[in-house]
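Take a look at the structure set out below.
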Number of protein chains: 2
Amino acid sequence: MKNRTIDEKVPVDCKVHLRGINDTIDILGGKWKFMIIGCLTLGKKRYMDLQRMVEGIGSKMLSKELQELELNGLITRTVMVTKPITVEYELTPYAQTLKPIVDQISAWGIQHREKVIKEMTKK
Amino acid sequence: MKNRTIDEKVPVDCKVHLRGINDTIDILGGKWKFMIIGCLTLGKKRYMDLQRMVEGIGSKMLSKELQELELNGLITRTVMVTKPITVEYELTPYAQTLKPIVDQISAWGIQHREKVIKEMTKK
DNA sequence: CCGCATCCCTGAGGATACTG
DNA sequence: CAGTATCCTCAGGGATGCGG
């Protein structure tokens, strides 16, 4: 048993803070989840809509990520028994709590892009 | 050339919104970046500190992700020429703009965990 | 239109060992 | 202490095709 210097600087509230980040990333990690949420932030969407909006995503990934989001209670899946079947995805009220986060992430990306472009032209 | 119904519902500002998310995820994606930023949010940290705080990360991933963050101008790396060498990582002023995002992500994770636990015990 | 099944493959990422 | 190098794996994820 060595006399470790651990814990000297890792108070409990820090751990909670970090665990919070971890938990969120566990749920919203992956390559597309934020994008999907971002799309649904704009209103309910159909499968095709999503595939078109989330540029680059494949059918397999899309349905997989949608399932995971549904499991976590973030989106609802509604099947409309129309001619060719129709499915609508929508954020749950609970998922609305994610909107501020998604909006900020988007805003940061936008301003970051501007900053990068500015730096390139300046040089 | 088919008469596609695309674009009917994909106005430019939506695309910008989504591209913003994309850009941010490109930079902060990956398994650990948010956690690392979260740690550095608490102040400057040494390599070992980070490895200890970001539970589960390996030496290789840590240094790789740190390099990427440094490339994007989000952290600074300072070498102290001490007995056994010492290196400190710190958020750049620019990276401070990420703090609200990280904080919200953390807060959401914390409240989500509480919600899940509540639902489990309730049942 | 929705989305599962299948095949396949790249690369993220883990474990271990080694250097300055 | 702070990494780098090497090897290896396994799952994320792309492409295609089929069925309800």
Side-chain angles (χ1 to χ4, degrees), chain A residues 2-10 21-22 25-36 39-40 44-72 75-90, chain B residues 2-10 22 25-36 39-40 43-72 75-90:
Chain A
K2 297 161 62 183
N3 183 6
R4 315 286 254 85
T5 50
I6 300 191
D7 297 330
E8 57 169 336
K9 285 284 188 172
V10 193
I21 298 175
N22 225 350
I25 300 303
D26 277 349
I27 294 173
L28 297 182
K31 204 172 178 179
W32 309 106
K33 299 246 175 59
F34 274 107
M35 282 294 284
I36 293 173
C39 290
L40 293 176
K44 64 173 61 171
K45 293 275 172 281
R46 306 221 313 250
Y47 190 84
M48 277 292 286
D49 296 330
L50 290 173
Q51 192 157 20
R52 218 179 286 132
M53 297 174 79
V54 185
E55 203 139 349
I57 196 172
S59 177
K60 178 179 152 187
M61 273 307 105
L62 179 54
S63 61
K64 186 188 145 208
E65 308 258 88
L66 285 170
Q67 282 172 26
E68 292 175 7
L69 289 173
E70 192 185 2
L71 271 179
N72 282 310
I75 63 175
T76 56
R77 180 176 175 275
T78 316
V79 181
M80 328 273 288
V81 192
T82 50
K83 221 306 261 323
I85 199 175
T86 303
V87 181
E88 280 187 345
Y89 292 93
E90 191 174 10
Chain B
K2 296 161 62 181
N3 184 7
R4 314 285 254 88
T5 50
I6 300 189
D7 296 332
E8 57 170 335
K9 286 284 187 171
V10 194
N22 225 350
I25 299 304
D26 276 349
I27 294 172
L28 297 183
K31 205 172 177 179
W32 309 106
K33 298 246 174 60
F34 274 106
M35 283 294 285
I36 292 173
C39 290
L40 293 176
K44 63 173 63 172
K45 293 275 172 280
R46 307 220 313 250
Y47 190 85
M48 275 293 286
D49 296 330
L50 290 172
Q51 193 157 18
R52 216 180 288 133
M53 296 175 80
V54 184
E55 203 140 349
I57 196 171
S59 180
K60 177 179 151 190
M61 275 305 107
L62 180 54
S63 62
K64 186 189 146 208
E65 305 252 280
L66 285 171
Q67 283 171 26
E68 292 175 7
L69 289 173
E70 191 185 2
L71 271 180
N72 282 310
I75 63 175
T76 56
R77 179 175 176 277
T78 316
V79 180
M80 329 272 288
V81 192
T82 50
K83 201 352 231 327
I85 200 175
T86 303
V87 180
E88 279 186 345
Y89 291 94
E90 191 174 8

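Because the structure is predicted, anything quoted here is derived from the model rather than measured. So that the names make sense, note that chain A is the first sequence line, chain B the second, and so on, each numbered from 1.
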Heavy atoms under 4.0 Å, any strand shown: does [X] hit a base, just sugar-phosphate, or nothing?
{"X": "Met48(A)", "value": "sugar-phosphate"}
{"X": "Ser59(B)", "value": "base"}
{"X": "Gln67(A)", "value": "sugar-phosphate"}

What is the separation between atom [atom1] on [X] and atom [atom2] on [N], rounded to the nearest whole Å?
{"X": "Glu65(A)", "N": "dA11(D)", "atom1": "CD", "atom2": "C1'", "result": "13 Å"}
{"X": "Lys31(A)", "N": "dA11(D)", "atom1": "NZ", "atom2": "C1'", "result": "13 Å"}
{"X": "Lys60(A)", "N": "dT16(D)", "atom1": "NZ", "atom2": "P", "result": "14 Å"}

Next on the checklist: Please confirm whether the shortest side-chain N or O distance from Arg77(B) to OP1 or OP2 of dA2(D) is below 4.0 Å.
Outcome noted: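 For dA2(D), neither OP1 nor OP2 has a side-chain N or O of Arg77(B) closer than 4.0 Å.
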query: Does Tyr89(B) put a side-chain nitrogen or oxygen below 4.0 Å from OP1 or OP2 of dC1(D)?
result: no
Nearest nucleotide by nearest heavy atom, which residue falls closer to the 5' end of DNA chain D, Gly30(A) or Leu66(B)?
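Looking at the nearest nucleotide for each, Leu66(B) comes out on the 5' side.
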Result for 5'-nearest mapping on DNA chain D, choosing between Lys64(A) and Thr86(B), is Thr86(B)
- prompt: Which nucleotide in the list dC1(D), dA15(C), dC1(C) gets nearest to the side chain of Ile85(B)?
  reply: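 Nearest listed nucleotide: dC1(D).
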Show your reasoning for whether side chain to side chain contact (heavy atoms under 4.5 Å, CB included) applies to Tyr89(A) and Asp49(A).
CA-CA 10 Å; Tyr89(A) 292 93; Asp49(A) 296 330; over 6 Å; no
5′-ward residue of the pair Pro84(A)/Ile57(B) relative to DNA chain C: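 Residue closer to the 5' terminus by nearest nucleotide: Pro84(A).
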